[in-house]
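Taking it in order: structure first as structure tokens, then the write-up.
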Protein chains: 2
Amino acid sequence: MTVPPDPASAPVRARAPSMADVADRAGVSHQTVSRVVNNHPAVLPETRARVRAAIADLGYRRNSAARALVTRRSGVLGVLTPAGTAYGPTSTFLALEDAAQEAGYVLAVGTLRLPHEDSAARALNRFLGLGVEGVAVIAPTEQVLRVVSEIDARVPVVMLSSATRLPDRPLVGGVSVAQREGAAAATAHLLAGGANEVLHVAGPQNWFDAQERVRGWRAACVSAGAPTPAPVETGWSAREGYALGLQLVREGLPPAVFAANDQLALGLLHALREHGVRVPDDVALVGFDDEPGAAHYDPPLTTVRQDFAGLGAAAMQYLAEALDGSPTPRRELTAELVVRASSARV
Amino acid sequence: MTVPPDPASAPVRARAPSMADVADRAGVSHQTVSRVVNNHPAVLPETRARVRAAIADLGYRRNSAARALVTRRSGVLGVLTPAGTAYGPTSTFLALEDAAQEAGYVLAVGTLRLPHEDSAARALNRFLGLGVEGVAVIAPTEQVLRVVSEIDARVPVVMLSSATRLPDRPLVGGVSVAQREGAAAATAHLLAGGANEVLHVAGPQNWFDAQERVRGWRAACVSAGAPTPAPVETGWSAREGYALGLQLVREGLPPAVFAANDQLALGLLHALREHGVRVPDDVALVGFDDEPGAAHYDPPLTTVRQDFAGLGAAAMQYLAEALDGSPTPRRELTAELVVRASSARV
DNA sequence: CCATATAGTCCTCCAAGCCCC
DNA sequence: CGGGGCTTGGAGGACTATATG
């Protein structure tokens with residue numbers, strides 16, 4: 001492990017025009033320039049125009065470091081997100097960025113290389129060192145949650161996480177999607193469709209989402225009086241879904257499978273198809289996420305759509321409220337079952 | 001369109017401990033604290049320890065705004081990336097973040113809501129206002145390229161783009177993946193597999209990648225003496241691929257199709273399957289990107305894998321070199337054909 | 001070799017000044 | 001002569017860099 005080089009030790013570049021330069025050129029004081037830049041009303045239109053012209057001539061841009069120094073506000077929020085191209089975190093991140101833009105903030109990003117939890121601590125510290133005003137953490141695992149709760153951030157932190165218990169700290173809030181309800185709806189749908197038993201192909205159990213989906217599945221089975229065969233735990237990838245599918249073919253197929261995400265379902269479909277198992281006739285299948293391709297899998301996949309956009313917006317709203325003083329501590333978004341051919345027995 | 005609120009106008013929060021506070025507590029001058037924080041050697045171990053203890057006690061963190069003010073270096077790089085969950089941009093972004101972390105920089109991110117080009121200008125300006133030291137632009141379209149070239153950034157800018165001509169400006173560089181070669185390899189592979197003609201389902205032609213893939217396809221056809229039927233232009237999504245597939249089924253099928261990306265190919269597969277067209281027997285198909293699920297489509301998809309990780313690393317390297325003074329102006333990464341069942345006639 | 005004092009960075013806030021009615 | 005609109009100067013703010021003891 002090497003210590004990253006310090007960007008501040010490299011050669012200094014040419015000086016950009018300052019407010020004083022603009023003031024000189026426009027024949028006013030630096031204070032008047034500041035007024036113009038910040039749209040303060042008490043400036044004569046004529047003066048304002050002269051200053052604006054000087055700004056344009058010099059290509060002046062207000063120095064955000066100096067501004068942040070005096071206002072104590074950087075205009076930057078940090079986002080910690082697991083590294084990966086998975087649809088869920090990516091969509092959530094996009095929604096966050098959208099909401100941040102709307103609120104006039106810039107997002108700084110740190111990616112977590114799970115399961116290396118120290119990457120979370122390092123990223124969080126880099127943020128705080130940067131002077132972010134708040135942090136959103138896409139906190140999928142216990143490890144990440146612990147790391148965050150151990151660091152005294154002194155700024156609002158919002159967890160985008162299905163964790164049952166969040167760190168009980170003043171400035172920490174949470175938003176989540178109703179994983180459990182979504183999983184229960186998926187399972188109930190399979191049971192209602194005629195399956196007397198639903199096998200759950202579960203995601204990694206150190207992920208909160210995966211845990212919650214297990215809980216939802218179990219609740220639906222119990223409430224329908226169906227058996228609860230032990231969930232099979234695996235990863236999140238299509239490759240792992242495929243491997244598991246081959247194993248199921250060898251060891252015996254259940255009438256229905258609820259896969260913890262769409263990629264797993266995709267891999268399962270591949271394995272089943274390869275061995276002549278018909279979906280949904282022999283095995284009904286439901287996934288989770290409704291990723292963009294899901295409607296075009298073979299067969300089109302029944303799945304659970306999460307409100308990622310709502311999640312991102314709610315997280316930003318938490319931070320905005322917290323920066324104003326009175327945040328809503330927790331909020332839960334909905335998930336919606338999308339029925340397609342993989343579960344519909346004709 | 002509303003003007004985003006100014007984060008700097010909200011209420012000010014409590015003051016964090018400063019270097020002076022630490023100095024007081026440790027009984028030294030603030031300059032000595034600065035030495036300790038920056039690992040300057042000229043501090044007695046005993047003093048150093050005392051300062052460290054004071055830092056820990058107070059939970060002191062160096063104020064990056066003040067530091068940036070005096071060093072003229074923010075430690076932040078900006079990334080402009082198209083909004084969307086597409087595999088390519090997402091992977092590239094991850095690679096960028098990786099490389100940035102390695103180099104000790106934090107990434108600020110702005111997403112482009114194409115085709116609204118003003119979103120690019122706004123995002124770029126937000127970055128420059130923030131004081132980023134360099135900008136990486138995932139510049140997929142002519143529009144984005146133009147916007148960037150019209151703004152005087154005064155910092156190094158690297159374009160991750162397949163554009164043939166980049167803005168000819170001092171600090172602007174570019175890195176790309178060999179789209180053309182990849183597309184040519186895909187097409188040649190189909191022709192070598194027995195198809196006497198390859199139809200190209202092209203992506204939106206305002207995207208450079210889409211343009212280059214057309215060029216590669218055409219070059220391969222010409223060089224093999226095959227005809228070059230007019231490419232069919234559509235979007236990037238599976239939905240659009242599906243719609244186009246239905247159209248092809250109605251209007252007559254070619255012996256082989258080269259789709260501009262994997263999602264299009266996925267949609268095509270869906271449409272063909274629905275109408276009893278066998279792949280690869282009736283129509284051979286190749287995609288582009290090698291997204292994570294591609295190996296599990298029905299049938300597993302032959303595609304072109306791009307070196308996104310290399311792309312991100314090369315972009316960061318450009319910025320690092322440019323900040324040091326002597327960048328390599330352009331660099332091209334490779335693409336690799338991955339053969340799977342969708343093109344292999346048994 | 002180690003520590004301190006001082007100047008400089010660029011901005012925003014505050015108090016005070018000018019002018020004209 | 002007082003007051004409101006416009007402008008100015010100076011005081012921080014937290015740090016690094018450059019002498020100076």
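Computed from a predicted structure; not experimentally measured.
- Remark: B/R50 engages B/E46 in a salt bridge, criterion side-chain N to carboxylate O under 4.0 Å.
- Nucleic acid contact for B/T32: base, since at least one base atom lies under 4.0 Å from a heavy atom of the residue.
- Atom NE2 in B/H40 sits roughly 11 Å away from atom P in D/dT18 (whole-Å rounding).
- Rounded to whole Å, the distance from CE on B/M19 to C1' on C/dA5 is 16 Å.
- Here A/L69 contributes atom CG and B/L69 contributes atom CG; the two are 6.0 Å apart, rounded to the nearest 0.5 Å.
- Using modelled atom types and a 3.5 Å distance limit, the side chains of A/S326 and A/E321 yield no donor-acceptor pair.
- Within a heavy-atom distance below 4.0 Å of DNA chain D, no residue of residues 41-54 of chain B is found.
- With hydrogens and angles ignored, the 3.5 Å screen pairs a side-chain donor or acceptor of B/T90 with a backbone N or O of B/A86.
- Across D/dC15, D/dT8, D/dT16, the shortest atom-to-atom separation from the side chain of B/T71 is found for D/dT16.
- Partner of A/V157 under the side-chain contact (heavy atoms from CB on, under 4.5 Å) criterion, out of A/L319, A/L171, A/V148: A/V148 alone.
- Regarding A/N38, its CG atom lies at a distance of 16 Å from the C1' atom of D/dT7, rounded to whole Å.
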Where do N or O atoms of nucleotides 7-9 of chain C meet protein N or O atoms at under 3.5 Å, pair by pair?
none

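- The side chain of A/S34 places an N or O atom within less than 4.0 Å of a non-bridging phosphate oxygen (OP1 or OP2) of C/dT12.
- Exactly one residue among A/T47, A/V37, A/V36 makes a side-chain contact (heavy atoms from CB on, under 4.5 Å) with A/R52. That residue is A/V36.
- For the salt bridge (charged side-chain N to carboxylate O under 4.0 Å, His left out) condition, the pairs that include at least one residue of residues 24-36 of chain B, sequence neighbours left out, are B/R25-B/D57.
- The two residues A/A315 and A/V158 come nearest to each other via the heavy atoms O-CG1, 3.8 Å.
- Remark: side-chain polar atoms of A/S64 are paired, donor with acceptor, to backbone N or O of B/L130 under 3.5 angstrom.
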TODO: Assess whether side chain to side chain contact (heavy atoms under 4.5 Å, CB included) is satisfied between A/L107 and A/V76, documenting all intermediate values.
DONE: CA-CA 6 Å; A/L107 287 192; A/V76 179; over 6 Å; no

Please produce a list of atom pairs where a protein N or O lies less than 3.5 Å from an N or O of nucleotides 14-17 of chain C.
| unit_1 | atom_1 | unit_2 | atom_2 | d |
| --- | --- | --- | --- | --- |
| C/dC14 | N4 | A/Q31 | NE2 | 2.9 |

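- An OP1 or OP2 oxygen of C/dC11 is reached within less than 4.0 angstrom by no side-chain nitrogen or oxygen of A/R62.
- Following rounding to the nearest Å, B/L130 (CG) and C/dC10 (P) show an atom-to-atom distance of 17 Å.
- OP1 or OP2 of C/dC11 lies within a sub-4.0 Å distance of a side-chain N or O belonging to A/Y60.
- Salt-bridge check for A/R113 with B/E97: failed, with every basic side-chain N at 4.0 Å or more from each acidic carboxylate O.
- Residues satisfying the ring-ring contact (aromatic ring centres under 6.0 Å, His included) criterion with B/F93, sequence neighbours excluded, are absent altogether.
- Under a 4.0 Å N-O distance rule, the pair B/E102/A/R122 does not qualify as a salt bridge.
- Considering every non-hydrogen atom in both A/T92 and A/F308, the closest pair reads OG1-CD2, 3.2 Å.
- Comparing the axis of the opening five pairs of the helix from C/dC2-D/dG21 to C/dC21-D/dG2 with that of the closing five pairs yields an angle of 50°, rounded to 10°.
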